[in-house]
Amino acid sequence: MAGAVVLWIVLEWYGATSEVSWLFLLASWVFALLAVCALYAVWNRGLTLQLSMRNSRPAAGSPAEDLPEHVLRRGPYPAPIFEGDALELAVGLDTKGGARGPAWIAGEVAGSKLSSGTGVVPRQGWRHLEVLPDLLRGPVGATGWRISTSDPIGFFYRRKRWPDGEVAVVLPRFASLAGLRQSRQLEASVAAPRAGSGNQVFGIREYRAGDSLRRIHWRSSARHGELVVREYEPPGLQTLGIFIDSSPPSREVADQVARIAASETWDCIRDGGRVVLWAPGMKASEPPQGRDIWALLEWLARYPGAAADDPAPAVSEAVMVSGSADQRLIDAVETARRRGARVRAWVVGETEVVVDAPVERTGIEWPL
Amino acid sequence: MAALTRRLRLPSSPIENSVEARAFVFSAFAVAVLAIVLYGQDYVLPVLGIAGAAAGHVISYRERDRKRGFWRQVFLAVLVFGALFYLIADSSLALFGGVLPQANFAVLLVAITSFDLKTRRNCYSSLWISLAIVYLAAVYAWDYEFGLLLALWALCLGGFWASSHLRRMNLQMRFPARAIAVAGVAALIAGVALFVATPQPSGVPISPLIVSLPNFTSFRGDIESAALPLVQLTGDPSGANGSVDLHFRGRLGDTPVMYVRTGAPAYWRGLAFDRYADGAWTASIHGYREMQPYVPPRFLPPAPKDNLGTFVQTFRVLRPMPAVINAAYPIESLYAPVAALREDAYGTFHTPDQLRPGQTYSVVSYVPNLTQAVLQAEPPLDPAFLDLYPGHAALYTDAGRLSPRARTVAVHVAGSNSSEYDRVMALTGYLQHNFRYTLDLPRVPTGVDPVDWFLFDVKTGYCEQFATALALMLRSLDIPARLVTGYATGDYDAVLNQAVVRERDAHAWVEVWFPNHGWVPVDPTPGVSPLAATTFPSHWAAGGLARLLPHLTIGAPAAGLGSLGALAVVPAAVAVGLAVVLAYAWVRRRRWHSGAKAQPGESELLRLYERLQRRLGRRRAPPETPLEYQKTMPSALLEEVTRAVNEGAYAGRWPDPARLRKLALRVPAKSRRRL
């Protein structure tokens, strides 16, 4: 803009010293261009940032390739994404009014700096595809995003910060550990008592067509604003409690803890059981989601997650997965064992953990 | 050497990779060249320059990522120096005709450097040089169509800026088409409005860049031109011994002689004549001094007393003319792209050769304060005049063979006025009011003095008769006077600050000596102001445009309002009130329109209801509610339609199209009974 102002002044000055009126006209046009650009820059707004996951590109060994179709169908939209997969991210702008532009956006997604722009944002919006490879477990955060607009010439700029958000959640990888467990602990699992008589209330869930009216929990329905029914644990159903270390020593250990827990979860649900995930000092997974593999994987993706003081749940079987000797975790496992639950433990790394249960040790490599 | 070239290499920028930006740079150059071709009548080099620049752009774009070749750089540098040589040779020595040497140099420079457009700075350089070419064309642009070229150039500039901006942001060259079109048109209109509404400042002109070279120029003054039919020039090198013979008269046509870009309208003075004998004026002082093409102020007389300022004139010669610099006097400084200049004893400048079409020169002139009050305060003639023209002073008071009758008339008209100014004005007014101007004058009879013939016989004449009569009558009163020739202002355009001077603008007038102001021009020709203008014209396009419109004046309405005194506020208040009411009504109308938008199905149902009433033979009366109407007109269809109307009006539920269609089908064409 400084250049345009200088040009305007030079034209005015040269016009004044040469009596050539055309120079004044040209100077007026340069000045008018500045003014119109200022108005254009004011007009060029009303843009909203759009960041959405378009698809995932599974990497080699990703669980997404092996999951059954009916499980994938209930997965996160548009596709589940696991550790190591690539994410197809649609970044773009929408306009509230007519076409706008030029505009460009810049920010970070999953630690990668992205920037893109367009000369015109059409009425139906503008999209640009970015691919983020080798994602790590956890929420994919979009941080520090800014929408910048200007006039067509670039004299005047406007910059707008966009609130941070979450684009997707990268789930931990998992694999069935059934074969591994059968070869090592076959005899221990033969006579395991199954908890639940079918009369004990396990939790509540939303009302579905066909549910008996007797099962409606009216107090909870009033509180939630929709019909909620009691859910009874069917007789003989396994409830697996996965007790997880809440303060793993490193990210790699945490990832491995999450993978093992996800694998245990997958095995349990596939066998018809339900799973409760719990970590000391953290919010446990919701009991109604005990058979929802995607909800539990998301819990593990966010692990270590939100702080809370949920007590250890009552379960028929408890698996401790830990990377450190957390006494609260060991106490919870002991309590479960005393209540009759079958217990076992996974220890990641070389940490010495004293617990009255069969212990399986592993490193941070995957698959096991 | 490689290290040196690496160091000299300019940093790259993304803009140089933009095809669009380069296209706009080239387009701007093409527009500038077109302007030079159209308004400078300069063809060969501009056309070659366009071809060269096009090739240069293609080559430099293809090789934008390659290193600069050393020998190519050397070759381009040699070409640039060649262009510089052309500029110096043509500006100083007019070796190539001296027609627009600066513009041709700029064209060559752009064409040569187009082969080396590697960086953003290169693109900008090319753009600014094309702006310089546009400026040079603007100096000679005499019509409003040039504004289109200027607008095109401005659009190219805007396009270059826009493409540079997008390239820097790594975006594609796309914009919201409608918004950009609106913005472009708005900028053009706003620019014109700003140009019209803003007064144009006037500043001190810049001295040209002058290169002093050895000068072996010879002057030739043997030129006779039909463009200046008042003056017959004969072979004196100074050109000062031309003559104005009142027995003859050349033919004056409408052919343009020159264009003048000027900050103020003025008379373009050429030669001066001091001796009158046998009906002819001649110049008797043959001294001169030789000067460089640029004559700075220090070589010229100082600014006149009570100087009001300076103004610039740029002359473009359109047809062969005598080697005389016509300009507004007194001159402050002068530049002409010729080998040398000569100033004669009368202050007139001469060029070595005849002025050719296309040649230009620039002059800066003073605007002396020559108002009535100033000149009336002049002291009586003093001996300084005699000192100024030693040996020639008597010439300026020599009335020659002016007849006693004419002398008597002069004394009688001058009357008892004591001041020189009053006597000059008395004689000027006498000639202006008692004699008629005409170009259809018969030949002066043989043996008759042209002045006596004019004063006492025909009593009509043209500028030469009037000027000669005044000069001689003033001389008879011992007031120094001389005749000068040149051109009147011409067709002056106050918006563009330019004048088109034609053959018919050739003019003669008188210069009268005043002790404090030197030679003061006085024009006795009827229909013109006797004294030169002493104020600058309004450098304001709005004022200039207003003057271009015939009969447009706000003087009468303003005077009418002024005569009302304090009541003058009333019409203004009424006008403002009316504007406010109209604006309010417009806003209300817009709101009403936006608020009264019909719901889907509403209009259709009401139209159907109206049609049904027509079929029933009685329209619903205004005080009647639809229900009351329906009760008086028993009809199943009306009942149904009335219900739909009430539902729509009171519950906002207007019927859907299907229901409307069914109802409409049930309305018969004519019969009332079937309802």
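- Within a 6.0 Å radius of CG in B:N170, no more than 12 heavy atoms belonging to other residues, nucleotides or ligands are found.
- Proximity to chain B at a heavy-atom threshold of 4.5 Å picks out nothing from residues 160-173 of chain A.
- Using a 4.5 Å cut-off between heavy atoms, B:L166 touches chain A through its side chain atoms alone.
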Test side-chain contact (heavy atoms from CB on, under 4.5 Å) applied to B:L34 and B:V31, step by step:
CA-CA 5 Å; B:L34 182 63; B:V31 169; 5.6 Å; no
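- Taking the six-membered ring for Trp and the full ring otherwise, B:F195 and A:F24 have centroids separated by 6.0 Å or more.
- Heavy atoms of A:A106 lying under 4.5 Å from chain B are absent altogether.
- Judged purely by atom type and a 3.5 angstrom limit, A:N44 uses its side chain to pair as donor or acceptor with the backbone of A:G101.
- Of the two parts of A:L39, neither the backbone nor the side chain holds a non-hydrogen atom closer than 4.5 Å to a non-hydrogen atom of chain B.
- Both the backbone and the side chain of A:A4 come within less than 4.5 Å of a heavy atom of chain B.
- Rounding to the nearest 0.5 Å gives a distance of 6.0 Å between CG of A:L297 and CZ of A:F82.
- Of the two parts of B:F160, neither the backbone nor the side chain holds a non-hydrogen atom closer than 4.5 Å to a non-hydrogen atom of chain A.
- Partner of B:Q313 under the side chain to side chain contact (heavy atoms under 4.5 Å, CB included) criterion, chosen from B:V363, B:L334, B:I331, B:N326: B:V363.
- Looking at A:L25, the atoms closer than 4.5 Å to chain B (heavy atoms on both sides) sit in the backbone and in the side chain alike.
- The greatest number of non-hydrogen atom pairs below 4.5 Å with chain A, out of B:A193, B:A190, B:A183, is found for B:A183.
- Heavy-atom distances place the side chain of A:L7, and not its backbone, under 4.5 Å from chain B.
- Of the two parts of B:A141, the backbone and the side chain both hold a non-hydrogen atom closer than 4.5 Å to a non-hydrogen atom of chain A.
- Atom CZ of A:F31 is surrounded by 12 or fewer heavy atoms from other residues, nucleotides or ligands within 6.0 Å.
- Heavy-atom neighbours of chain B within the stretch residues 138-154 of chain A, taken at a separation under 4.5 angstrom, comprise A:S150, A:D151, A:P152, A:I153, A:G154.
- Of all the listed residues (B:V182, B:I180, B:L188, B:L157), the one sharing the greatest number of non-hydrogen pairs under 4.5 Å with chain A is B:L188.
- Side-chain atoms of B:L131 and A:L26, non-hydrogen and from C-beta on, do get closer than 4.5 Å to each other.
- Using modelled atom types and a 3.5 Å distance limit, the side chains of A:S62 and A:D85 yield a donor-acceptor pair.
- Proximity of the aromatic rings of B:H165 and A:Y157 is defined here by a centroid distance below 6.0 angstrom, and this criterion is met.
- Taking CG of B:N122 as the start and CG of B:L127 as the end, the distance is 12.5 Å to the nearest 0.5 Å.
- How far CZ of B:F24 is from OG of B:S164: 9.5 Å, rounded to the nearest 0.5 Å.
- Contacts of residues 114-131 of chain A with chain B at a heavy-atom distance below 4.5 Å involve A:G117, A:T118, A:G119, A:V120, listed in sequence order.
- Residue B:A151 touches chain A through both its backbone and its side chain, counting heavy-atom pairs closer than 4.5 Å.
- B:V192 touches chain A through backbone and side chain together, each having a heavy atom under 4.5 Å away.
- For A:R137, the salt bridge (charged side-chain N to carboxylate O under 4.0 Å, His left out) partners are A:D255, not counting sequence neighbours.
- Using a 4.5 Å cut-off between heavy atoms, A:W29 touches chain B through backbone and side chain atoms alike.
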